[in-house]
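Structure record follows, encoded as structure tokens.
One is the number of the first residue; the rest follow in order along the sequence. In what follows, every heavy atom counts, from backbone to side chain, and hydrogens, waters and symmetry copies are set aside.
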Amino acid sequence: MDVRHYALIASPETLLKRLSTRIAFIRSGRRRETWAMQQIPRCVAALAQSRYATHVHTDDRTTDEVVEWIADNAGVKLAMPRLHPAKYQLRRLRIGLQHIR
């Protein structure tokens with residue numbers, strides 16, 4: 001079995017921006033001191049280590065571009081086409097709502 005490890009890398013600024021679009025962040029009254037935001041420096045430093053074999057920089061890539069890059073790198077043919085942007089946002093919203101406690 002061929003197993004590969006990909007580490008998705010983004011700058012702290014990009015991570016803050018992405019976390020601020022989460023439903024949990026919006027529900028918290030837009031407090032910036034969330035647990036996930038506090039973990040950014042530690043996680044960025046840890047994932048930058050060379051033991052994470054393949055770094056995939058995601059700052060200027062869409063989710064689809066990252067998926068396509070990894071699939072191409074791994075030699076995997078994707079079975080489904082990209083979602084329409086509106087369907088992608090609806091799917092993202094549905095998944096976010098499922099994680100609300």
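When only modelled atom types and interatomic distance are considered, Asp64 and Tyr88 share no side-chain donor-acceptor pair under 3.5 Å.
Arg91 CZ: 12 or fewer foreign heavy atoms inside a 6.0 Å radius.
When all heavy atoms are compared, the tightest approach of Val44 to Pro12 is CG2-CG, 4.3 Å.
The side-chain heavy atoms of Met37 and Leu16, taken from C-beta on, include a pair separated by under 4.5 Å. Met1 has its side chain within reach of Val3: a pair of non-hydrogen atoms, C-beta onward, lies under 4.5 Å apart. Using a 4.5 Å heavy-atom threshold, the side chains of Glu68 and Leu78 count as touching. No side-chain heavy atom of Gln38 sits under 4.5 Å from any side-chain heavy atom of Ile40.
Under a 4.0 Å N-O distance rule, the pair Arg61/Asp59 does not qualify as a salt bridge.
Rounding to the nearest 0.5 angstrom, the gap separating the CZ atom in Arg4 from the CG atom in Asp2 is 4.5 Å. Of the inter-residue distances, the one linking Gln39 atom CD with Leu19 atom CG reads 10.5 Å to the nearest 0.5 angstrom.
At distances below 3.5 Å, not a single donor-acceptor pair connects side-chain atoms of Gln89 with backbone N or O atoms of Ala86. Remark: the backbone N or O of Leu47 is paired with a side-chain donor or acceptor of His55 at under 3.5 angstrom. Without hydrogens or angle criteria, Thr58 side chain to Ile9 main chain gives a donor-acceptor distance under 3.5 Å.
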Verdict with reasoning, Asn73 to Tyr6, per side-chain contact (heavy atoms from CB on, under 4.5 Å): CA-CA 10 Å; Asn73 182 268; Tyr6 294 91; 2.6 Å; yes
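Both Trp69 and Leu8 belong to a common hydrophobic cluster when Ile, Leu, Val, Met, Phe, Trp and Tyr are linked at side-chain heavy-atom distances under 4.5 angstrom.
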